[in-house]
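Data first, discussion second: the structure below is written as structure tokens.
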Amino acid sequence: MIEVSHVSRNFGDFRAVNDVSFSIPTGQIVGLLGPNGAGKTTTMRMITGFLAPSSGKVTIDGIDICENPVEAKKKIGYMPESAPLYGEMIVEDYLVYIAKMYGQNPEEKVPALCAECGLKEVMSKNISELSRGNRQRVALAHALMNDPEILILDEPTSGLDPNQVEDVRAIIREIGKTRTVIVSTHILSEVETICSRAIIISGGKLVADSSIEELKNSIGTSSTVYISIGGDGAKAAELAKSVTGVSAVSTNSIEGGLSELVVSVNGDAEIRPALIKKLVEGGFDVYSAALSQNSLENVFHTLTEAK
């Protein structure tokens, strides 16, 4: 369990994080989001004990990270965006060295992490010779070396190709079955794919904290239907408004003398069959009907663009 209680951090006269509070229970994968300069990295550094809060408190399983940092940090694994690895070392030697540094048995931990992080093919290679994807795997194995209850990952898939991204995501999903995981990333689709919850920070303040689905529904409607019709758009809009599940309708003129109805939908109802039937019965030709689900990206822009 991570408890962040009314935490702020000042750098001189600048307040990078302003009265942020949240808690994360065991076994949850949470996305920590925000624009550049929003305070995400500062928040992560306070959780991991790299920075002390100017005010407020961070506790890890009830242990204050400032009052008892050694015991609290034993429960945390941290993978920064640019993990500091010793490039001149062979992967296996590096992991053995890290295991000994953590007081772990290398003969047990290194083979287990090799399998968990998919490092079998590169164990005999120099770290400097590895692709970025494999270096990320080595950094992840490092972060897992002390078998932490909490894993904090800063941009874990940054710079990876699509295959490497999916591999790392699969590893994170598996790890998240037994650990608390915080993932900080600019890739919003990644949060939708692997996280059950998102925390959004903007301007140093917490602006959202809920499940992904709740966030996607928080900007009014969960989906929008775009319908191309022939005929009077205003009259078609009045018909569309009478369909159950429709919250609002606007119209646009498009190419070919057609009109486009932009239909906002309440909840998750599939209204296209009823909508098309209503319009056809009203004498309108329907050329297309496309459904667009609200995305986390839409929510992110709405919550942060004015901050």
Quick check against the 3.5 Å criterion: does [X] have a side-chain atom that pairs as donor or acceptor with the backbone of [Y]?
X	Y	value
N105	E107	yes
N252	E260	no
S264	S247	no
S54	N10	yes
K40	G34	yes

From [X] atom [atom1] to [Y] atom [atom2], the distance as rounded to the nearest 0.5 Å:
X	Y	atom1	atom2	value
T180	I60	OG1	CD1	9.5 Å
M79	L151	CE	CG	8.0 Å
K74	D61	NZ	CG	13.5 Å
L113	L144	CG	CG	6.0 Å
E3	D64	CD	CG	12.0 Å
S131	D161	OG	CG	8.0 Å

Salt bridge or not for E174 and R169, using N-O below 4.0 Å? no

If we only count heavy atoms from C-beta on, is the [X] to [Y] side-chain gap below 4.5 Å?
X	Y	result
K100	Q104	no
K57	V4	no
V265	T224	no
H186	E155	yes
E270	L291	yes
I276	L279	no
T42	F11	yes
R197	P25	yes

Between [X] and [Y], which heavy-atom pair has the shortest distance, and what is it?
X	Y	answer
V249	A240	CG2-CB, 4.0 Å
V20	G204	CG2-O, 3.5 Å
V96	P106	CG1-CB, 4.0 Å
Y94	L85	OH-CD2, 3.4 Å
I47	V58	CA-CG1, 3.9 Å
G233	T251	O-CG2, 3.5 Å

If Ile, Leu, Val, Met, Phe, Trp and Tyr residues are connected whenever their side-chain heavy atoms lie under 4.5 Å apart, and connections chain through other members, are [X] and [Y] in the same group?
X	Y	value
V286	V225	yes
M44	L153	no
F22	V30	yes
L215	V207	yes
L206	I2	yes

Q.
Side chains of S288 and S228 only: does a donor on one sit below 3.5 Å from an acceptor on the other?
A. yes

(message) Is it true that T26 and E149 share a donor-acceptor pair across their side chains at a distance under 3.5 Å?
(response) no

query = Passes salt bridge (Lys or Arg N to Asp or Glu O under 4.0 Å), E129 versus R135? Steps please.
reply = CA-CA 9 Å; E129 298 173 355; R135 288 199 300 273; over 6 Å; no

**Message:** Test salt bridge (Lys or Arg N to Asp or Glu O under 4.0 Å) on D167 and R137; report intermediate values, then the result.
**Reply:** CA-CA 10 Å; D167 288 344; R137 291 170 184 265; 3.1 Å; yes

Flag if over 12 foreign heavy atoms under 6.0 Å of [atom1], [X]:
X	atom1	answer
R272	CZ	yes
F50	CZ	no
Y86	OH	no

Practice problem: Decide yes or no on side-chain contact (heavy atoms from CB on, under 4.5 Å) for M46 and R9, but give the supporting numbers first. | Solution: CA-CA 9 Å; M46 288 189 287; R9 172 69 195 198; 3.7 Å; yes

Which of I24, I182, D154 passes side-chain contact (heavy atoms from CB on, under 4.5 Å) with L32? It is I182

Take K241 and E238, measure what side-chain contact (heavy atoms from CB on, under 4.5 Å) needs, and give me the verdict at the end. CA-CA 5 Å; K241 289 176 183 177; E238 289 304 314; 3.4 Å; yes

Q | Pair E190-T157, side-chain hydrogen bond (donor to acceptor under 3.5 Å, both in side chains): steps then yes or no | A | CA-CA 9 Å; E190 184 163 284; T157 61; 2.4 Å; yes

Step by step, work out the side-chain contact (heavy atoms from CB on, under 4.5 Å) result for L160 and V168. CA-CA 9 Å; L160 305 188; V168 172; 3.7 Å; yes

What do the steps show when you test I175 against E116 for side-chain contact (heavy atoms from CB on, under 4.5 Å), and what is the final call?
-> CA-CA 9 Å; I175 290 168; E116 186 172 8; 3.7 Å; yes

(Q) Please evaluate residues D147 and R179 with respect to the criterion salt bridge (Lys or Arg N to Asp or Glu O under 4.0 Å), reporting the C-alpha separation (whole Å), side-chain torsions for both, the decisive distance (0.1 Å), and the verdict. (A) CA-CA 9 Å; D147 197 24; R179 295 177 174 88; 2.6 Å; yes

